[in-house]
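The structure under discussion appears below in the form of structure tokens.
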Amino acid sequence: MTPPDAQALASAQKPLAKNLRHLLSEEAKGRNPSPLKEAFKHFHDPKIISLGGGLPVPTMFPFDNLTVDAPAPPFANGNDHPPTCEEDTTHVEVRKADGVSDDVPLCTSLQYGHSQGAAPLVDFLRKHTSIIHDIGYQDWDLILTVGNTQSWDAVLRTFTNRGDSVLGEQFTFSSAVECAHGLGVNMVPVKVDLNGIDPEQLEKQLDNWVGPKPKLLYTIPTGQNPTGSTLSLERRKAVYKVAQKHDFIIVEDEPYYFLQMPKFTNDPEQREKDLEPQSHEEFLKSLVPSYLEVDTEGRVIRLDSFSKVLAPGTRLGWIVAQQNLLERFVRLHEVSIQVASGFSQSIVYGLLRRWGQEGYLDWLIGLRKAYTLKRNVALDAVEKYLPRDLTEYIAPDAGMFFWFKLDSRKHPKFAALESDPAKVEEDIYETGLQYGVQLIPGHWFVVDDKTSPAQKELPQSDEDKYAIYFRGTFASVPADKLTQAVKLFGEHLAIQFEL
Ligand SMILES: Cc1ncc(COP(=O)(O)O)c(C=O)c1O
């Protein structure tokens, strides 16, 4: 890892972010700092007796302490083993009183007043961010959120007005699309192939854009949901150039970033090697660079979350962006969520501070191993049980999902189902449930909003038009069930397609 001094020097030589405030929404432009929130800085000043804030006195908080046991680095027994002995255990004990330890005491975390997040946790995440990403400009920062679902809602409110359009991968996380719809925003599809966004198609789409240009591209570049694809660095650079040319912001929603794995292989020796312990340097080098690393203008907003690396119920995430734009998020949070849960911040920081940056990397390295094993089980079953002539897929290098493509025209009921690929998918899905297996049909993830005025239709091959897709996950069930489910789905496809 680069020493902090060298990092600070390298950062000082980088450019400052560009002013992108012209992209803000009317809502975001209209927010003023709340004078009461401004006054918060004096509430904790020991030189001032403040009668200014509507703060309950912490002695009346009925929570005296929080204690949690968690496994301890280097997690030799894997990430799914509870602590068994003293050496294996990280004891987290957070007290209410201040000054007892370096934790975020409950008297602080359970109190009003920290819209950016508790300072020590924000600091830990700043260090973590600079260990993982070599951000291409100087003046970045981060703010805590309640997870990426809320972060995306905050991004939409900050940049879009009702009636605006944003771009999204042609198949994407349906909650993100619905969040946009609720705010009156269209999500217009960007063409993807099995490797993710096709930058050339994206450029053509924007060169020929009709009407007001989209201000945002919403993308899940790593372990994409639902396709499992991970965008290469070359494509990230090319997409970034299009963003510069057409002046939009790239919003990378990255909950699966740390579920990156080595390339899938059938070679048993290579598999053994892939599971050997990694050093921190090897691990850091193995990660695909974030869009933040190609960003020299502060036009990337990164959404990070503890949901897939610690637990979804922590409801803790963070947004990394240029300071000048983040300030608008602070104003939004002051009058909406205020801040993420104080309990959660105290526990998560209590754990991370005891693990340290290095221990947290050990945890992430352990996750990589666990997900590699699961991915391999799923793909072994896919290769063994799914009809080869019928299915096409790319082995995922990240995330929780595998995704495969079929040709709906080969289905015997294609004509009876009105030659409609979505109906064929639905039929396979419904009959699959009767057969005892559930994989999710691709059209549940389709983005197909139109703009007004309408965009020119891009040419589409018959192969694309009649393709159908299914998404499976290898995260949620044990290995034997995973294999059994893929086997059942393979049998089910063979019956459906009369092979
Ligand atoms: C792409 C994507 N973004 C966001 C989320 C939700 O993240 P969080 O729990 O941080 O709100 C998910 C969860 O399934 C997801 O797949």
Side-chain angles (χ1 to χ4, degrees), residues 117 121 125 128-129 142-157 166-183 185 187 189-190 192 196-197 216-231 250-260 288 290-291 300-321 329 332-333 336-337 339-341 344-345 347-348 352 364 367 371 374-375 396-403 438-440 442 444-447 469 471-477:
L121 178 55
L125 290 173
H128 167 72
T129 302
L142 60 88
I143 175 176
L144 281 201
T145 70
V146 184
N148 288 15
T149 307
Q150 182 257 320
S151 302
W152 172 233
D153 178 73
V155 169
L156 282 167
R157 288 174 188 280
V166 299
L167 299 163
E169 279 126 356
Q170 146 187 24
F171 301 98
T172 196
F173 178 46
S174 17
S175 303
V177 183
E178 287 319 317
C179 183
H181 287 168
L183 295 168
V185 173
M187 196 179 279
V190 171
V192 299
I197 291 182
L216 303 176
L217 163 66
Y218 169 78
T219 177
I220 311 160
T222 315
Q224 208 260 359
N225 183 3
T227 66
S229 66
T230 295
L231 205 70
I250 298 173
V251 184
E252 56 172 6
D253 182 6
E254 283 289 52
Y256 305 104
Y257 186 76
F258 287 110
L259 309 186
Q260 292 187 49
V288 61
S290 149
Y291 271 109
V300 172
I301 294 183
R302 182 180 172 88
L303 316 184
D304 261 303
S305 169
F306 283 122
S307 284
K308 314 291 176 179
V309 293
L310 295 181
T314 58
R315 301 318 303 142
L316 268 186
W318 62 102
I319 299 177
V320 181
F329 286 90
L332 168 61
H333 282 186
S336 54
I337 62 162
V339 74
S341 155
S344 199
Q345 293 191 63
I347 293 178
V348 169
L352 291 176
L364 298 173
L367 281 183
Y371 276 89
K374 279 182 167 258
R375 188 270 317 262
D397 300 335
M400 296 180 162
F401 306 111
F402 59 100
W403 168 258
Q438 184 184 42
L439 274 83
I440 304 298
W444 289 14
F445 304 100
V446 163
V447 171
Y469 301 87
R471 185 195 84 173
T473 173
F474 43 84
S476 57
V477 293

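A quick note: this is a predicted structure, and the numbers were derived from the prediction, not measured. Counting starts at 1 for both ligands and their atoms, in listed order.
- Under the 6.0 Å cut-off for aromatic ring centres, H128 and F306 do not qualify, their centroids lying 6.0 Å or more apart.
- With respect to atom 11 (O) of ligand 1, the closest heavy atom belonging to the protein is T149 OG1, 2.6 Å.
- Taking only nitrogen or oxygen atoms, main chain and side chain alike, Q150 does not reach within less than 3.5 Å of ligand 1.
- Checked against the 6.0 Å centroid threshold, Y256 and F401 count as a close aromatic pair.
- Within ligand 1, counting atoms from 1 as listed, the ones closer than 4.0 Å to a heavy atom of N225 are 16 (O).
- Each of the following atoms of ligand 1 lies closer than 4.0 Å to a heavy atom of S307: 8 (P), 9 (O), 10 (O).
- What sits closest to atom 12 (C) of ligand 1 on the protein, heavy atoms only, is F173 CZ, 3.4 Å.
- Closest to atom 3 (N) of ligand 1 among all protein heavy atoms lies D253 OD2, 2.6 Å.
- Remark: distances from the non-hydrogen atoms of Y256 to ligand 1 include one below 4.0 Å.
- Atoms of ligand 1 lying under 4.0 Å from any heavy atom of G147, numbered from 1 in the order shown and given with element: 10 (O), 11 (O).
- Between G317 and ligand 1 there is no heavy-atom distance shorter than 4.0 Å.
- Expressed to the nearest 0.5 Å, how far CD of E169 lies from CG of L217 amounts to 7.0 Å.
- When heavy-atom distances to ligand 1 are checked against a 4.0 Å cut-off, S305 comes that close only through its side chain, counted from C-beta outward.
- Contacts with ligand 1 closer than 4.0 Å are made by heavy atoms of both the backbone and the side chain of N148.
- In this structure a side-chain-to-backbone donor-acceptor pair under 3.5 Å is missing from S229 to Q224.
- Residue N148 comes nearest to D304 through the heavy atom pair OD1-O, 2.8 Å, listed as atom of the first residue, atom of the second, then distance.
- Listed by number with element, the atoms of ligand 1 under 4.0 angstrom from any heavy atom of R315 are 8 (P), 9 (O), 11 (O).
- Ligand 1 has K308 within reach: a non-hydrogen atom of the residue lies less than 4.0 Å from it.
- F171 does not carry R471 over the face of its six-membered ring by the limits of under 6.0 Å from the centre and within 45° of the normal.
- Side-chain polar atoms of E252 and S290 form a donor-acceptor pair below 3.5 angstrom.
- Within ligand 1, counting atoms from 1 as listed, the ones closer than 4.0 Å to a heavy atom of I220 are 1 (C).
- At a cut-off of 3.5 Å, with distance as the only test, a side-chain donor of Y218 or D253 sits close to an acceptor on the other residue.
- When all heavy atoms are compared, the tightest approach of I220 to E254 is C-OE1, 4.4 Å.
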